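All figures in this text were calculated on a predicted structure; none of them were measured in a lab. Note that ligands are numbered from 1 as they come in the structure, with each ligand's atoms numbered from 1 the same way.
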Amino acid sequence: MDKLWDVVVVGGGNAALCAAIEAAEAGASVIILEGAPKDYRGGNSRHTRNFRCMHQGPLSVLTDAYEEAEYYDDLLLVTKGKTDERLARLAIRTSETCLPWMERQGVRFQPSLSGTLSLSRTNAFFLGGGKALVNAYYNRVEDLGVTVVYEAQVQHVDIEDGTFRGVDCEIAGAPARVNGRAVVLASGGFQADLDWLARAWGPAARNFLIRGTPYNRGVVLKDMLDQGAESVGDPTQCHAVAIDGRAPKFDGGIVTRLDCVPFSVVVNRDSQRFYNEGEDVWPKRYAIWGRLVAAQPDQVAYSIIDSQSINAFMPSVFPPVMADTIEELGEKLGLSGAALKETIEGFNAACRPGTFHGNELDGLATEGLEPPKTNWARPIVKPPFYGYALRPGVTFTYLGLRVDDTARVTGTNGLMTNVWAAGEIMAGSILGQGYLAGFGMTIGTVFGRIAGKEAAKHVA
Ligand SMILES: Cc1cc2nc3c(=O)[nH]c(=O)nc-3n(C[C@H](O)[C@H](O)[C@H](O)COP(=O)(O)OP(=O)(O)OC[C@H]3O[C@@H](n4cnc5c(N)ncnc54)[C@H](O)[C@@H]3O)c2cc1C
């Protein structure tokens with residue numbers, strides 16, 4: 001620990017590992033400070049399944065082509081233009097070279113499975129998921145001679161006049177100092193700090209569930225902002241989806257997601273509908289439901305289906321609540337049975353004859369109902385009836401550090417000399433709002449690699 005390291009990497013997820021590999025391959029001595037214990041290493045990255053990759057023709061498991069213009073248009077659609085075009089295009093273009101690079105590091109891919117998310121052209125799926133990806137990268141950094149320290153929680157990044165000197169941290173609870181010639185900050189967002197979330201969102205945030213690691217508490221982000229690092233993004237912007245209300249407070253991961261919403265009627269605590277459940281196909285709508293549920297009383301909602309729809313979506317990890325009548329279902333979910341019955345009867349009366357097609361927009365819409373349901377609106381009549389409680393599940397926050405196109409962090413007096421950032425901690429530059437599935441890992445891989453290379457170049 002007394003050594004002066006060439007590159008200190010803060011964090012142990014995808015962005016950190018990509019940076020460490022590049023820096024070590026360039027000949028730098030590298031130390032990774034991962035706040036989590038070894039069993040929980042890999043942050044949110046270990047929960048992921050795929051990354052979005054540009055390609056001009058079939059590439060590995062990816063079919064057809066997905067070119068820059070279409071990728072960028074997809075990004076503009078979800079962010080409504082709130083992006084940094086230069087950084088976004090850099091991420092998109094570089095993603096094409098990332099896939100073969102990832103394969104060289106030991107990451108394996110698989111074709112996407114059929115199901116609600118049909119992304120075989122745009123997103124490359126990791127064989128074994130993010131956990132296998134993270135493990136492959138840890139094997140690789142070990143081979144490259146990188147030192148990895150677990151339970152190493154960085155509390156302060158020591159920067160004098162824009163120049164990094166070292167970090168103050170706690171290693172397994174004991175204070176420690178690690179000095180270096182350059183630093184890459186890859187310690188994620190602040191979503192696991194519920195107090196910070198509550199300051200940004202109000203007290204309702206205490207009812208949110210955090211889908212990923214409890215270690216991304218924004219300690220390094222806050223420390224950097226306190227020291228004058230320039231921020232990007234809005235503290236109230238984040239990626240949030242509606243997940244099973246029975247999910248654990250932290251780290252429930254991907255399996256707690258529910259895909260039943262489009263085939264259901266969704267009501268709030270007062271058994272009232274509040275949004276069009278059939279607005280679009282689920283991959284294009286799932287990311288808005290976290291916010292919709294967050295805006296309801298007690299930040300809870302209930303998705304109600306009948307036995308016609310129970311097999312129309314990916315099975316849930318927890319079985320749904322089941323009952324023979326809507327009233328009974330309402331009572332079991334803690335709602336007023338009578339009020340739920342009235343809402344469902346009102347919905348059923350507004351449904352029109354037509355043919356239901358679960359895998360496409362079928363135009364089967366309600367008539368005279370507010371809000372309408374514009375697809376998959378078939379009456380909920382066939383017992384047994386099923387219900388799921390929904391809660392907002394935060395994936396990651398968007399407030400971050402401003403970087404340039406070499407991933408270098410901007411301070412009060414321009415670019416800092418030897419401080420780089422990658423991954424969630426800077427993603428807010430590119431994701432001003434909204435989310436494009438698979439883009440989190442793209443940003444982390446692209447900017448992690450750039451940061452690692454640049455840090456090593458600086459040191460050399
Ligand atoms: C359930 C779920 C599913 C997802 N699925 C996908 C997907 O399929 N595709 C996709 O592109 N994105 C997905 N995402 C988003 C994706 O996980 C992130 O965009 C990406 O992992 C960010 O990588 P990162 O390296 O910046 O952060 P992380 O992987 O979260 O790594 C941050 C690291 O920093 C460490 N750390 C935090 N604070 C400190 C500190 N003070 N000191 C030391 N270490 C610290 C943490 O322990 C962690 O190791 C998903 C997220 C979740 C939660």
Starting from [atom], locate the nearest protein heavy atom and write down its residue, its atom name and how far away it is, to 0.1 Å.
{"atom": "atom 16 (C) of ligand 1", "answer": "Thr48 CG2, 3.6 Å"}
{"atom": "atom 41 (N) of ligand 1", "answer": "Val154 O, 2.9 Å"}
{"atom": "atom 51 (C) of ligand 1", "answer": "Thr395 CG2, 3.2 Å"}
{"atom": "atom 12 (N) of ligand 1", "answer": "Tyr435 OH, 3.2 Å"}
{"atom": "atom 9 (N) of ligand 1", "answer": "Asn50 O, 2.8 Å"}
{"atom": "atom 3 (C) of ligand 1", "answer": "His47 O, 3.6 Å"}
{"atom": "atom 35 (C) of ligand 1", "answer": "Glu34 OE1, 3.4 Å"}
{"atom": "atom 15 (C) of ligand 1", "answer": "Phe396 CE2, 3.7 Å"}

Which of the numbered atoms in ligand 1 are under 4.0 angstrom from any heavy atom belonging to [X]?
{"X": "Leu33", "answer": "43 (C), 44 (N)"}
{"X": "Ala152", "answer": "42 (N), 43 (C)"}
{"X": "Ile254", "answer": "1 (C)"}
{"X": "Gly12", "answer": "33 (C), 34 (O), 48 (C), 49 (O)"}
{"X": "Val220", "answer": "41 (N)"}
{"X": "Gly42", "answer": "29 (O)"}
{"X": "Gly11", "answer": "33 (C), 34 (O), 35 (C), 44 (N)"}
{"X": "Gln153", "answer": "42 (N)"}

Going by an N to O cut-off under 4.0 Å, is there a salt bridge joining [X] and [Y]?
{"X": "Arg41", "Y": "Glu34", "answer": "no"}
{"X": "Asp226", "Y": "Lys222", "answer": "yes"}
{"X": "Glu25", "Y": "Arg104", "answer": "no"}

Pick whichever of [options] has a heavy atom sitting closest to [atom].
{"atom": "atom 23 (O) of ligand 1", "options": "Gly440, Gly13, Ser45", "value": "Ser45"}
{"atom": "atom 32 (C) of ligand 1", "options": "Ile210, Asn216, Leu221", "value": "Asn216"}
{"atom": "atom 45 (C) of ligand 1", "options": "Ala19, Ala186, Gly35, Gly393", "value": "Gly35"}
{"atom": "atom 8 (O) of ligand 1", "options": "Arg211, Arg49, Arg46", "value": "Arg49"}
{"atom": "atom 36 (N) of ligand 1", "options": "Ala16, Gly438, Pro214, Ser187", "value": "Ser187"}
{"atom": "atom 37 (C) of ligand 1", "options": "Phe447, Tyr215, Phe126", "value": "Tyr215"}

Would you mind writing out the side-chain donor-acceptor pairs for residues 427-435 within the sub-3.5 Å range, not counting sequence neighbours?
from: Gln433; atom 1: OE1; to: Lys82; atom 2: NZ; distance (Å): 3.3
from: Tyr435; atom 1: OH; to: Gly440; atom 2: N; distance (Å): 3.1

Between [X] and [Y], a side-chain donor and acceptor under 3.5 Å:
{"X": "Arg89", "Y": "Tyr72", "answer": "no"}
{"X": "Thr445", "Y": "Asn14", "answer": "yes"}
{"X": "Tyr66", "Y": "Asp74", "answer": "yes"}
{"X": "Arg291", "Y": "Gln237", "answer": "yes"}

Nearest heavy-atom neighbours spanning Glu277 and Val266
OE2-N, 2.9 Å

Side-chain contact, heavy-atom cut-off 4.5 Å: Ile310 with Ile305?
yes

Residue-ligand contact Phe51/ligand 1, heavy atom below 4.0 Å:
no

So which of Phe447, Tyr398, Tyr71 actually passes ring-ring contact (aromatic ring centres under 6.0 Å, His included) with Phe439?
Tyr71

Name the atoms and distances for all side-chain donor-acceptor pairs under 3.5 Å in residues 163-176, with sequence neighbours left out.
from: Thr163; atom 1: OG1; to: Thr417; atom 2: OG1; distance (Å): 3.0
from: Asp168; atom 1: OD1; to: Arg177; atom 2: NH1; distance (Å): 3.2

Taking the six-membered ring for Trp and the single ring otherwise, decide whether the centroids of Phe208 and Trp201 are under 6.0 Å apart.
yes

Would you say [X] and ligand 1 have an N/O pair spaced under 3.5 Å apart?
{"X": "Gly423", "result": "no"}
{"X": "Ala15", "result": "yes"}
{"X": "Asn44", "result": "yes"}

Applying side-chain hydrogen bond (donor to acceptor under 3.5 Å, both in side chains), run through Asn375 and His357 and close with a yes or a no.
CA-CA 9 Å; Asn375 287 287; His357 293 289; over 6 Å; no

Please assess Met426 against Ile443 for the test side-chain contact (heavy atoms from CB on, under 4.5 Å), listing each intermediate value before the final yes or no.
CA-CA 9 Å; Met426 48 62 73; Ile443 294 172; 3.8 Å; yes

